[in-house]
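The structure appears right after this line, and notes come after that.
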Protein chains: 2
Amino acid sequence: MTKPSARTRILQAAADRFYADGISATGIDAIIADAGVAKMSLYNNFESKSGLVMAYLEQRHTEWLELYAARLASSTSALERVLAVVDAYIDHAEAGYAHGFRGCGLLNAAAELPVGEPGRAVVAGHKAQVRGFFAEHLEANGCADPQEMASHCSFVLEGAMALSGLEGNSSALRKARTLILELAGGR
Amino acid sequence: MTKPSARTRILQAAADRFYADGISATGIDAIIADAGVAKMSLYNNFESKSGLVMAYLEQRHTEWLELYAARLASSTSALERVLAVVDAYIDHAEAGYAHGFRGCGLLNAAAELPVGEPGRAVVAGHKAQVRGFFAEHLEANGCADPQEMASHCSFVLEGAMALSGLEGNSSALRKARTLILELAGGR
DNA sequence: GTCTAAATAGACAGACCTGTCTATGAGACG
DNA sequence: CGTCTCATAGACAGGTCTGTCTATTTAGAC
C-alpha cells in the first residue's frame, strides 16, 4: 500500500475543500496542509490555482462518467439506462457526503466563476452531455419526443440536485428519480 | 432627483458585484468604489461583510416577492397564478442581465456558503416558499396531488434556472414555463 | 553505488483583504 | 448661530492570499 503521488493527493485535498468550502474561500495553504505536501509540489504539478481548479472540474466530470458507465453496465433495458443517469448523480452526490452534502460540485463551482471563465464551459459541456444521455436512452425507449423529454428530465434532475444540496440530504434526488421513472416509463 | 442614501447605494453596488463575480471574490473596496461611498459608511450601515451578505440575500428574496406579487395581481385564474411563480423568476433573471445572466443569485450565493452558515437558511426558506406557492395554486386549480406536483414544478423551475444561468440566456426558463403549463394545465 | 528527478521545509515578496481610527466637511433643524 | 447626525478621505494594523526562490533530502532507475 504505497502512498499516492503528490499530484493525486493535492487533487484529492483540493476536491474536498473546494466542494465543502467553495473555491475562492479555499487557500493554497489549506490544500497543501491537507495533502501533506510542500507548496512547490503544487506549483510543479499545476500551473496556478486556476489550473488546479480546471483539473478539479475535469476530474469531477470524469468521475461522474465512470459512475455512469458502471450504472450503464448493469442496466438491461432502455428505461434502466435512463435511470442510470440519475443514479450516477446520486452515487456522485453521496460520495461527497464526508463534510456535508452541498449539491452538484460542478454547478457550485460555476456559481463562483464570472461569465467568460473557461471553467464555466467545462460545466456547461458536462450538463449538455448529461442531457444527451437522457435523449439517447429515451429515444431507445420509444419516447415520442426524446429531445423535449430529455430537457424535462434534465430540468427535474438539476433542480432536485440543487434543492437536495440546500437541504443537505438526497431526499429530493430520490423524489426526482421517481418522477423521471414516471416520465420515461409512460412512453 | 435626489441621490439615494449611502446604504441604498452600497446595497445596490454589492448586489451587482456579488451577482456578477461571486461573494468571496468581491472585496469591500470594490463595493465602496462602485457605490461612491466612504468605507466607514459601509461599516456604519452594516455590521460586517457577512452582515452585508445577509442583507443582500434578504433583499433578493424581497425583490422576488415583489415581482411575484405584481404577477399575481394581473393573474385571473389559478393556472395563471401557477405561471406567475415562473414569470417572477424570469422577471428577476432578466433584471440582472446587465453584467451577464448567471442564474439564481440566491442559489449562487448558497453555493459559496459552507454547511451551517445562516445565509443558507435564507435561501432554503426562499425555495420552500416558492414551492409552497406552487402547491397553493395547483390545489386551487384542482390538481389531484398538489404537493407532489409542486415538487415536480419546483424541480423543473430550479433546474431550468441553473441551466439557463450556465448558458447565459433564458431559453431554458422559457422551455420550463411551457412544461409547467402542460403539467399544471392537464389537471 | 551513482545519477537523476521529484519532493521537502521554509523564507520571502507583493498584493489584497477586512475592519478600525481620526480628523474634517456638509446639511438639517431648532 | 449652534448642534447633531451623517458622510467623507485616507492612513493604518494585522492578517491572508498567490506565487517564487533556495537549499536540502528522498527515492527510484540503471
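By convention in this document, chain letters (A, B, ...) are assigned in the order of the sequence lines, proteins followed by strands, and residues within each chain are numbered from 1.
Taking B/Arg131 as the reference, nothing meets the salt bridge (Lys or Arg N to Asp or Glu O under 4.0 Å) condition, with sequence neighbours excluded. Applying the ring-ring contact (aromatic ring centres under 6.0 Å, His included) test to B/Tyr68 and every residue at least two apart in sequence or in another chain returns B/Trp64, B/Phe133.
By the 6.0 Å contact criterion, CD on B/Glu139 is open, its count of non-hydrogen atoms from other residues, nucleotides or ligands being 12 or less.
The interatomic distance linking A/Asn44 (CG) with C/dA5 (P) rounds to 13 Å, in whole Å. For the pair B/Ile10 CD1 and D/dC6 P, the computed distance is 13 Å after rounding to whole Å. Straight-line distance from the CZ atom of B/Arg7 to the P atom of D/dA7: 11 Å, rounded to whole Å. The separation between A/Arg9 atom CZ and C/dA7 atom P is 8 Å, rounded to whole Å.
Side chains of A/Thr8 and A/Ser5: a donor-acceptor N/O pair is present below 3.5 angstrom, by distance only.
Within the structure, the salt bridge (Lys or Arg N to Asp or Glu O under 4.0 Å) test picks out the following pairs touching residues 153-165 of chain B (sequence neighbours left out): B/Lys127-B/Glu158. Applying the salt bridge (Lys or Arg N to Asp or Glu O under 4.0 Å) test to every pair with at least one member in residues 106-118 of chain B, sequence neighbours left out, gives no pairs at all.
Within residues 108-119 of chain A, no residue places a heavy atom under 4.0 Å from DNA chain D.
Using the six-membered ring where Trp is involved, B/Tyr56 and B/Phe18 have ring planes that are perpendicular, over 60° apart on the 30 and 60° scheme.
Under the 4.5 Å side-chain heavy-atom criterion for ILVMFWY residues, no single connected hydrophobic cluster contains both B/Leu67 and B/Val122.
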Summary of protein contacts for nucleotides 13-21 of chain D, nucleotide by nucleotide, where a base hit scores B, a sugar-phosphate-only hit scores S (4.0 Å, heavy atoms): -----BBBB

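Between A/Ser41 and C/dT8 there is a side-chain N or O to OP1 or OP2 distance below 4.0 Å.
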